[in-house]
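One structure below.
Below, chain A is the first sequence line, B the second, and so on; all start at residue 1.
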Number of protein chains: 2
Amino acid sequence: MTDNDDASSGLGRNLTYGLLDLLGRQIVTGAFENRTFPTEAELSIQHGVSRSVTREAVKMLTAKGLLTARPRQGTSIQPVASWNLFDADVLRWLLERKFSVELLSQFNQLRAAIEPAAAALAAGSADDKGRALIEAGFARMEAAERGEDDVLDADIAFHLAILRAGGNPFFAQFRDVVATALRTSIRLTNRIVGRTADLAAHGAVRDAIMARDPRAAQDAMRAIIGDVMDLIARHSHAAQ
Amino acid sequence: MTDNDDASSGLGRNLTYGLLDLLGRQIVTGAFENRTFPTEAELSIQHGVSRSVTREAVKMLTAKGLLTARPRQGTSIQPVASWNLFDADVLRWLLERKFSVELLSQFNQLRAAIEPAAAALAAGSADDKGRALIEAGFARMEAAERGEDDVLDADIAFHLAILRAGGNPFFAQFRDVVATALRTSIRLTNRIVGRTADLAAHGAVRDAIMARDPRAAQDAMRAIIGDVMDLIARHSHAAQ
DNA sequence: TATGTCTATTTATATGATAAAAACACACGC
DNA sequence: GCGTGTGTTTTTATCATATAAATAGACATA
């Protein structure tokens with residue numbers, strides 16, 4: 001019986017989280033676009049799980065802003081405006097739908113607003129721990145340059161270190177968006193931009209932060225993201 | 001029995017959401033600082049609700065990044081870094097703890113990064129609908145000036161309109177933070193800053209957006225938030 | 001010391017029953 | 001005709017209890 005359920009549902013080890021992931025993907029990719037969302041009884045039957053599992057998955061989706069549930073009316077999908085776009089799960093699901101340059105562009109508009117400010121904040125008020133984190137991130141980028149570390153991972157580590165270093169937890173919240181944006185844009189930037197230029201630009205950010213020069217840190221970070229945005233614009237232009 | 005439960009628990013009409021709110025507040029305000037988080041059985045007994053209610057509340061808190069649950073290990077509170085700080089519930093709970101100038105300052109550091117960029121984006125690429133939204137928001141501010149609308153509500157409406165108008169859903173996500181920041185800082189700014197100056201500054205933002213001048217819109221918005229940050233700095237200085 | 005096994009604890013899942021909310025239809029009275 | 005109330009029905013909300021699964025920790029064993 002249990003084996004049967006597991007086989008028919010195709011959800012992972014943890015049924016609740018498996019169903020959460022499946023429903024999340026389906027909602028975000030528009031699988032319920034023109035029809036009403038299933039009732040909890042229908043979901044239970046369709047996926048071969050108990051009502052508890054269904055309800056807990058729905059509750060988590062509700063907590064992330066994707067659903068609402070009311071007696072008699074049923075469960076329904078919320079407008080995109082109320083989705084929690086900074087949630088790691090929601091971001092992941094968002095990328096499962098067709099790759100869109102528009103989404104990548106929106107990511108980077110956000111980065112252009114956040115990261116220069118975060119770099120300035122880090123330069124102005126990072127403590128020793130934050131500075132060490134940034135140094136470690138940059139060291140990884142240098143190691144990657146020498147082929148001793150993964151380029152993408154090192155890049156992400158450096159950018160996240162800057163988000164954290166300023167000590168403002170709200171800036172640290174952007175870790176998932178930034179990591180996602182970097183992972184996504186690597187498809188475009190990979191092999192197009194020379195890695196040396198990239199390292200130099202990142203080195204400028206590091207130097208400015210270490211010199212406690214907020215203005216220079218901001219400008220250097222702005223330059224990095226500006227380059228990425230130019231690349232995206234050129235790519236979308238070329239694709240047309 | 002049911003009445004007894006309701007009376008003893010003090011949760012609202014909806015037990016699950018009531019418990020969610022109660023636990024969320026307790027977690028954020030540090031009520032479980034030095035002790036382990038209760039097991040689901042303990043929570044059920046303490047609050048006089050069934051395990052389903054407890055589990056669903058815990059699952060929602062998990063979805064918001066506040067908890068994790070594993071068999072045998074139990075449920076435990078996650079580090080603040082993994083909390084979903086842009087979630088409306090989490091923000092609300094955050095404000096329940098002692099009022100802190102530091103938090104208000106962090107809010108506005110974020111606003112300083114986001115809102116000028118959002119204003120520039122709105123100036124550059126808002127469609128007719130977005131522009132109409134901004135006009136409506138500004139009209140409310142003018143009405144408030146004449147005593148025909150609530151000052152705070154109008155202010156919030158104007159700022160939210162700008163976040164939305166650019167068409168980037170990630171900027172629109174900041175509605176709750178911005179609304180919360182405005183509601184919080186009104187305690188400080190109220191009666192200190194003359195409302196006329198405020199209206200003029202907001203008018204400059206509106207004019208720049210309508211003139212499709214991103215640079216001017218950005219600068220005008222920066223000025224507004226800069227004023228607020230100065231006020232906060234002065235207040236925290238005076239308080240010392 | 002390392003490794004495997006047993007046990008206890010806690011979450012995970014299932015199931016079936018009852019309560020509550022709300023959309024809808026319908027009858028009623030004005 | 002038209003509002004108003006009332007009952008019916010559908011769906012979520014809640015409860016209670018039972019069983020499964022996972023894993024930390026103790027203990028035994030090599």
- In this structure, CZ of A/F107 is separated from CG of A/L91 (nearest 0.5 Å) by 5.0 Å
- Of B/A41 and A/P71, whose nearest nucleotide on DNA chain C comes first from the 5' end? B/A41
- Nearest-Å distance, CD (A/Q73) to P (D/dT12)? 10 Å
- Rounded distance (Å) that lies between atom C1' of D/dT19 and atom CG of A/L15: 14 Å
- Message: Tell me if the CD atom of A/E96 is crowded by more than 12 foreign heavy atoms within 6.0 Å.
- Response: yes
- Query: Separation of B/L43 atom CG from C/dT9 atom P, in whole Å?
  - Reply: 18 Å
- Message: Rounded to whole Å, how long is the line connecting atom OH of A/Y17 with atom C1' of C/dA12?
- Response: 10 Å
- N or O in side chain of B/T16 less than 4.0 angstrom from D/dT14 OP1/OP2: yes
- Query: Can you name the closest pair of heavy atoms from A/A69 and A/T75 and give their distance?
  - Reply: CB-OG1, 3.8 Å
- Report the relative orientation of the aromatic rings in B/F86 and B/F174; use parallel for angles under 30°, tilted for 30 to 60°, perpendicular for over 60°. perpendicular
- Message: If I take atom CZ in residue B/F37 and atom P in nucleotide C/dT9, what distance separates them, rounded to the nearest angstrom?
- Response: 21 Å
- Check B/I134 against B/A165 and note the closest heavy-atom contact, atom names and distance. CD1-CB, 3.6 Å
- Do we see a donor-acceptor contact under 3.5 Å between the side chains of B/Q109 and A/N168? yes
- Query: How far does OG1 of A/T62 sit from NZ of B/K59, to the nearest 0.5 angstrom?
  - Reply: 14.0 Å
- Under 4.0 Å protein heavy-atom contact, by nucleotide of nucleotides 3-8 of chain C - B base, S sugar-phosphate only: -----B
- Message: What's the angle between the local helix axes at either end of the helix from C/dT1-D/dA30 to C/dC30-D/dG1, using five pairs per end and rounding to 10 degrees?
- Response: 10°
- Task: Fit a plane to each ring of B/H159 and B/H202, take the angle between them on a 0 to 90° scale, and name the class: parallel (under 30°), tilted (30 to 60°) or perpendicular (over 60°).
- Result: perpendicular
- Would you kindly give the CG-to-C1' distance between B/N14 and C/dA22, to the nearest whole Å? 14 Å
- SB check A/R131 A/D128 (cutoff 4.0 Å): no
- Test salt bridge (charged side-chain N to carboxylate O under 4.0 Å, His left out) applied to B/D87 and B/K64, B/R175, B/R92, the passing residue: B/K64
- Query: What are the residues of residues 50-70 of chain A, sorted by number, that bring a heavy atom to within less than 4.0 Å of DNA chain D?
  - Reply: A/R51, A/R55, A/K59, A/A69, A/R70
- Is there a side-chain contact between B/E145 and B/M141 (heavy atoms, below 4.5 Å)? no
- Item | Atom-pair distance (CG on B/L19; C1' on D/dC15), nearest Å | 15 Å
